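The next block holds one structure in the form of structure tokens; read it before the comments.
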There are 2 protein chains.
Amino acid sequence: MNILEKINLQITTFSKSERKVAEVIIDNPEQAIHSSIATLAKIADVSEPTVNRFCRRLDTKGFPDFKLHLAQGLANGTPYVNRHVDEGDGPEEYTSKIFESTMASLNTARKSIDISQINRSVDILTQAKKISFFGLGASASVAQDALNKFFRFNVPINCFEDIVMQRMSCMNCTEGDVVVLFSHTGRTKPLVEIAEIARQNDATVIGVTAKDSPLAQECNICLSPDVPEDTDLYMPMASRIAHLVIVDILATGFTLRRGPKFRDNLKKVKDSLRSSRFEKKETFN
Amino acid sequence: MNILEKINLQITTFSKSERKVAEVIIDNPEQAIHSSIATLAKIADVSEPTVNRFCRRLDTKGFPDFKLHLAQGLANGTPYVNRHVDEGDGPEEYTSKIFESTMASLNTARKSIDISQINRSVDILTQAKKISFFGLGASASVAQDALNKFFRFNVPINCFEDIVMQRMSCMNCTEGDVVVLFSHTGRTKPLVEIAEIARQNDATVIGVTAKDSPLAQECNICLSPDVPEDTDLYMPMASRIAHLVIVDILATGFTLRRGPKFRDNLKKVKDSLRSSRFEKKETFN
DNA sequence: ACTGGAAATGTAAAAAAATTACAAAATTAC
DNA sequence: GTAATTTTGTAATTTTTTTACATTTCCAGT
């Protein structure tokens, strides 16, 4: 836990002088980490050992160790804690809570992702005759995003929002085709059926979905980032962002595998967009 | 900048002994911040003043100050901020680099976002007669995602991928309509034109796009998260995720503003999806 | 290969900072 | 109101860092 929060939490248990120290630190933590114990004691109008005792009370080894902890806490505000949005939150609160919980989720996702499965997926994608990206509901936009990325690689791509089209596409699969399915829950019936159909037709199915879900069981490979439940507003928020990061990772792996010549191609695609854009003004400072 | 990156950057300019110190620190920064100058010097097999000189060379005031900087860099599980993917990276490396740089970007975005503009946007969205979400290319999926979120709110929504449809839709705007435009660069000509058309027809235009871009100048309100340039693979990665988080924030602000009764509605939408899903097995542990 | 000079590194002493031990003051319980 | 306990401060001690200077190493030019 952030040591500043800890101070706030324990401030009632402190003695009078220790509280003085706490207040000075909370008031200006930046100053605190750049002061010696002597100057800080002077600012708080207490003796040096009091400051030292204060540090120990917070389970640090001493004043220098305390400063280290404080510095870490200060590094980027309130780091990656999964705080939930409450009823009475103002824009300030909910904005930073959403940013922070998204970052926290990505942090969890990163730790849980299975690299060997990523690597296998990249393998399979690079060798695919045709790649299809499907998702429904909130995951439809993830599939579309994947389309936008892989489209640039100049490989045969499919991406339909329509479940009937998705189904037909899977029925026409042959060996060497790869179907990538995105689903937050892994319990969307039509998508599980699609996975079955695709596999019956010898396609390789990669699922980006929840671990141990019905969909996950139908897939050849499953990429399941652990993401704390999205309970906030009854709609998937963090999990779809984790899925997008996985798309980025697969796309990156793909280009790295294809080598530098291939990357020139990407630059061409990007340059071709230029004419449809307003020129960026040169800046001289 | 993160001091660890700085060390890596300057390591070639260091002298032999200083490099020894650098290596010991890079190898185990955690150990470094918990060591005294004496123990660190011993580990690196150099003298204490050498360590001190090393610290000064990195523009810190001395060893304790250096440890503070290092601690900040190490804070909260993001030890290496915004590392770029290199040619030779294996799956392990590029996976964690992408996760980390995404998190770092969100962190930057959070700091730069203007809360008052968020608040104004929420204001306007809650009072909108009709809301349209438009984006092209990589931003099309962001618009689609916004559609998926706001659709649940049971308010009149528009979202077209087709530029002609987008245009027509904007021509039919009247006062009270809100158009939300997503663009990574803010320089996509057709989108700038759409913004003009919408404003000529008295709609309010909210842009989620780059600061000071042509599009930003055409908008009534502009939400511009600062995101480090996506140079990696010639395609927008971090910025589109920042845009999605903004969608989450707007959606959250929207529901909070509408009050608790409104939230029951959301639950209904979610429950209605249940029948199309496989039941989750109960777990008893 | 040698030499003068600059840069790098180390040694030892000085300064600064933090910690400890203990005494004085304040607070609390009875 | 006083004894016991806790809190706080003083001063000495220890640890840590920094400085000043001596020595070594490296390199350019002969």
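Remember, it's a predicted structure, so these values are computed and weren't measured experimentally. Side chains are part of it too, since the values below use all heavy atoms of this structure and drop only hydrogens, waters and symmetry mates. Sequence lines set the chain letters: A, B, ... in the order given, protein chains first and strands last, and positions in each chain run from 1.
- Residue pairs meeting the salt bridge (charged side-chain N to carboxylate O under 4.0 Å, His left out) criterion with at least one member in residues 114-125 of chain A, sequence neighbours excluded, are A/Asp123-A/Arg257.
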Pick out the pairs of N or O atoms, protein on one side and nucleotides 14-17 of chain C on the other, that lie under 3.5 Å.
none

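- For A/Glu23, the side chain to side chain contact (heavy atoms under 4.5 Å, CB included) partners two or more places apart in sequence, or in a different chain, are A/Arg19.
- Taking A/Ser35 as the reference, nothing meets the side chain to side chain donor-acceptor pair (under 3.5 Å) condition, with sequence neighbours excluded.
- At least one side-chain heavy atom of B/Asp65 sits under 4.5 Å from a side-chain heavy atom of A/His34.
- Between the axis at the start and the axis at the end of the helix from C/dA1-D/dT30 to C/dC30-D/dG1 there is an angle of 30°, using five pairs per end and rounding to 10 degrees.
- Checked against side chain to side chain donor-acceptor pair (under 3.5 Å), A/Arg57 has the following partners two or more places apart in sequence or in another chain: A/Glu18.
- Rounded to whole Å, the distance from NZ on A/Lys61 to C1' on D/dT15 is 13 Å.
- A heavy atom lying under 4.0 Å from DNA chain C marks the following residues of residues 39-58 of chain A, by number: A/Pro49, A/Asn52, A/Arg56.
- Residues satisfying the side chain to side chain contact (heavy atoms under 4.5 Å, CB included) criterion with A/Ala22, sequence neighbours excluded, are A/Ile7, A/Ile11, A/Phe14, A/Phe54.
- For B/Asp45, the side chain to side chain contact (heavy atoms under 4.5 Å, CB included) test picks out B/Lys20, with sequence neighbours left out.
- The aromatic rings of A/Phe153 and A/Phe150 sit perpendicular to each other, their planes meeting at more than 60°, with 30° as the lower class boundary.
- Between A/Pro225 and A/His243, some side-chain heavy-atom pair lies under the 4.5 Å cut-off.
- In terms of the side chain to side chain contact (heavy atoms under 4.5 Å, CB included) criterion, residue partners of B/Pro91 (sequence neighbours excluded) are, by chain and number, A/Ile115, A/Asn119, B/Tyr94.
- Taking a 4.0 Å limit (strictly below) on heavy-atom distances, residues 13-23 of chain A reaches DNA chain C at A/Lys16.
- In summary, B/Lys149 and B/Asp248 engage in a salt bridge, as defined by a charged side-chain N under 4.0 Å from a carboxylate O.
- By the salt bridge (charged side-chain N to carboxylate O under 4.0 Å, His left out) test, B/Asp59 pairs with B/Lys6, sequence neighbours left out.
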